[in-house]
Amino acid sequence: MEKIINYPFVLMRRLYDWTAGWAHKKSSDYALFLIAIAESSFFPIPPDVLMVPLVITNPKSWWKKALICTAGSVCGAFLGYAIGYLFFETVGVRIVNFYNMQEAVQIVAQQYSDNAFIAVLLGAFTPIPYKAITITAGMFKISLAAFFVASVIGRGARFFMVAGTIRLFGEKIKNTIEKYFNTLSIIFLVLLIVGFIALKYLHLLQ
């Protein structure tokens, strides 16, 4: 039991550290863009993990980092859509099973039948793994126009809010994050893992 509990945490911790490690490299902006793409379709760590230290290091670039995240995430959203639309039986189903998103796919599908635009918009803004939204959107072939607009608004609002908050509070929030970075990292990882686990039991709330 202990191994089952520890394994996802260790794996996520390694991926988290790998993602955050790009903040110290010259190619950090490219990494931020690619991670944002990957997170919207198959990668578990959100680009916020890299964007936050980049904004802390250079607060004036907050809008640029948020824009990179938004652009990458929307591009990745279409990759997730393509996986659901064209390759669900071969690739999509493996991603769904790996993250235990079976029930989430059913719930999201129901939300799409009610209001696809709102479902994508809320999914793009909230901490729910966006890949569950994008892959399901492709699988159920929702309108590409609605998918694109909702993704831009939702993802843009999220990333600009996070980056803007760091820019607004400046040194105060920078010092807090730097001082408690290890603790905050652990809390973030726990919440991330809980979020994936919760996807499996969302059907209980329906």
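Keep in mind that what you see is a predicted model, and the values were worked out from it rather than measured.
Thr19 meets the side chain to side chain contact (heavy atoms under 4.5 Å, CB included) test with Ile35, Phe43, Ile45, Val49, Leu50; sequence neighbours excluded. Qualifying side chain to side chain contact (heavy atoms under 4.5 Å, CB included) partners for Ala163, counting only residues two or more places apart in sequence or in other chains: Met51, Val55, Trp62, Ala66. For Lys64, the salt bridge (Lys or Arg N to Asp or Glu O under 4.0 Å) partners are Asp29, not counting sequence neighbours.
Residues Leu67 and Phe159 fail the side-chain proximity criterion, which asks for heavy atoms closer than 4.5 Å.
Here the closest heavy-atom approach between residue Pro46 and residue Arg158 is recorded as CB-NH2, 3.7 Å.
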Run the side-chain contact (heavy atoms from CB on, under 4.5 Å) check on Leu32 and Cys69 step by step: do they pass? CA-CA 7 Å; Leu32 182 62; Cys69 268; 3.5 Å; yes
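Going from atom NZ of Lys131 over to atom CG of Leu79 covers 11.5 Å, rounded to the nearest 0.5 Å.
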Show the atom names and distances, to 0.1 Å, of all donor-acceptor pairs under 3.5 Å that link a side chain in residues 80-95 to residues at least two apart or in another chain.
residue: Tyr81; atom: OH; partner: Ile142; partner atom: O; Å: 2.6
residue: Thr90; atom: OG1; partner: Phe87; partner atom: O; Å: 3.3
residue: Arg94; atom: NE; partner: Thr90; partner atom: O; Å: 3.4

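Two rings, from Phe78 and Phe147, have their centers less than 6.0 Å apart.
For the ring-ring contact (aromatic ring centres under 6.0 Å, His included) condition, the pairs that include at least one residue of residues 18-38, sequence neighbours left out, are Trp18-Trp22. Within the structure, side-chain hydrogen bond (donor to acceptor under 3.5 Å, both in side chains) contacts touching residues 144-157 (residues at least two apart or in different chains) are Glu39-Arg155, Ser73-Arg155, Tyr130-Ser151.
Within the 3.5 Å criterion, the main-chain N or O of Ile133 finds no donor-acceptor partner in the side chain of Thr136.
In the displayed structure, Phe117 atom CZ is contacted under 6.0 Å by more than 12 heavy atoms of other residues, nucleotides or ligands.
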